[in-house]
Amino acid sequence: MTVAKTKLVLASASPRRVDLLAQIGVTPDRIFPADIDETPAAREMPRLLAGRLARDKAGVVAEALGNDAAWSGAAVLAADTVVAVGRRILPKAESQEEAISCLSLLSGRNHRVFTGLCVRIAGEATESLRIVETRVSFKHLSEREIEAYLASGEWRGKAGAYAIQGRAAAFIEHLVGSYSAVVGLPLYETQTLLSGRGYDIQERWSEDGH
């Protein structure tokens with residue numbers, strides 16, 4: 001008897017996360033963005049926020065699919081990235097004013113990127129959660145560099161107002177931790193959590209070779 005393969009649902013509309021999954025040979029069977037309030041709670045620490053948002057996203061989608069026979073039992077993968085300087089959580093910049101504030105704060109300083117990752121099985125209450133911390137060091141940014149980066153538009157909607165996989169790579173002096181986590185999805189932890197919940201990544205690799 002053929003055993004049904006575990007399906008994968010990505011609880012995110014981020015094209016960066018889709019690209020990162022493709023890098024390790026994974027294609028989601030479905031993309032189901034989670035619609036949640038991402039506002040930090042009063043005095044909520046950055047690490048806890050990243051974990052809570054990933055957990056909430058996975059929970060919303062897993063519960064929505066739990067009663068759908070076609071998707072019950074699917075692995076729901078959710079992630080969220082939080083950029084922080086000390087205890088200060090930087091926004092996902094939507095205006096030039098926010099972007100200037102973020103980039104000016106990051107200029108010449110170290111900061112931390114916390115990426116929460118959660119896998120939950122649709123129709124089940126149990127979950128697997130990881131929080132990955134990466135330390136990033138920015139060069140001192142001149143006014144011209146900030147203005148040029150603002151003109152690129154890459155900052156819009158990005159935590160901390162920068163995309164490390166784009167032009168902002170020129171600003172990074174040093175990084176300790178997971179590069180892919182800063183982009184949006186820590187790949188080592190992703191394959192570990194998915195494998196632990198019955199989604200065999202290596203099996204997909206062997207299929208790709210035929």
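Below, all heavy atoms of this structure are taken into account, side chains as well, without hydrogens, waters or symmetry copies. What you see is a predicted model; the values in this text were computed from it and never measured.
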Considering residues at least two apart in sequence or located in another chain, which fulfil the salt bridge (charged side-chain N to carboxylate O under 4.0 Å, His left out) criterion with [X]?
X	value
Lys92	Glu38, Asp80
Glu133	Arg47, Arg112
Arg16	none

Return all side-chain donor-acceptor pairs below 3.5 angstrom for residues 147-160, not counting sequence neighbours, or 'none' if the list is empty.
from   : atom 1 : to     : atom 2 : distance (Å)
Tyr149 : OH     : Glu154 : OE1    : 3.2
Tyr149 : OH     : Ala163 : N      : 3.0
Ser152 : OG     : Tyr149 : O      : 2.6
Ser152 : OG     : Glu154 : N      : 3.2
Glu154 : OE1    : Arg167 : N      : 2.9
Glu154 : OE2    : Arg167 : N      : 3.2
Glu154 : OE2    : Arg167 : NH1    : 2.8
Trp155 : NE1    : Leu150 : O      : 2.9
Arg156 : NH1    : Glu94  : O      : 2.9
Lys158 : NZ     : Glu154 : O      : 3.1

Hey, would you say the Tyr162 and His111 ring centroids sit under 6.0 Å apart? yes
Between [X] and [Y], is there shared hydrophobic-cluster membership here, with clusters defined by ILVMFWY side-chain heavy atoms closer than 4.5 Å?
X	Y	result
Leu175	Val83	yes
Phe32	Ile36	no
Leu48	Ile89	no

If we ignore angles and hydrogens, is there a donor and acceptor under 3.5 Å between the side chains of Ser180 and Ser178? yes
Going by salt bridge (Lys or Arg N to Asp or Glu O under 4.0 Å), name the pairs with one or both residues in residues 179-194, residues two or more places apart or in two chains. none
Please tabulate, for side-chain N and O atoms in residues 116-124, each donor-acceptor pair with protein atoms closer than 3.5 Å (sequence neighbours left out).
from   : atom 1 : to     : atom 2 : distance (Å)
Arg120 : NE     : Glu124 : O      : 2.9
Arg120 : NH2    : Glu124 : O      : 3.3

Pairwise side-chain contact, Leu8 with Leu77, heavy-atom cut-off 4.5 Å (strictly under): yes
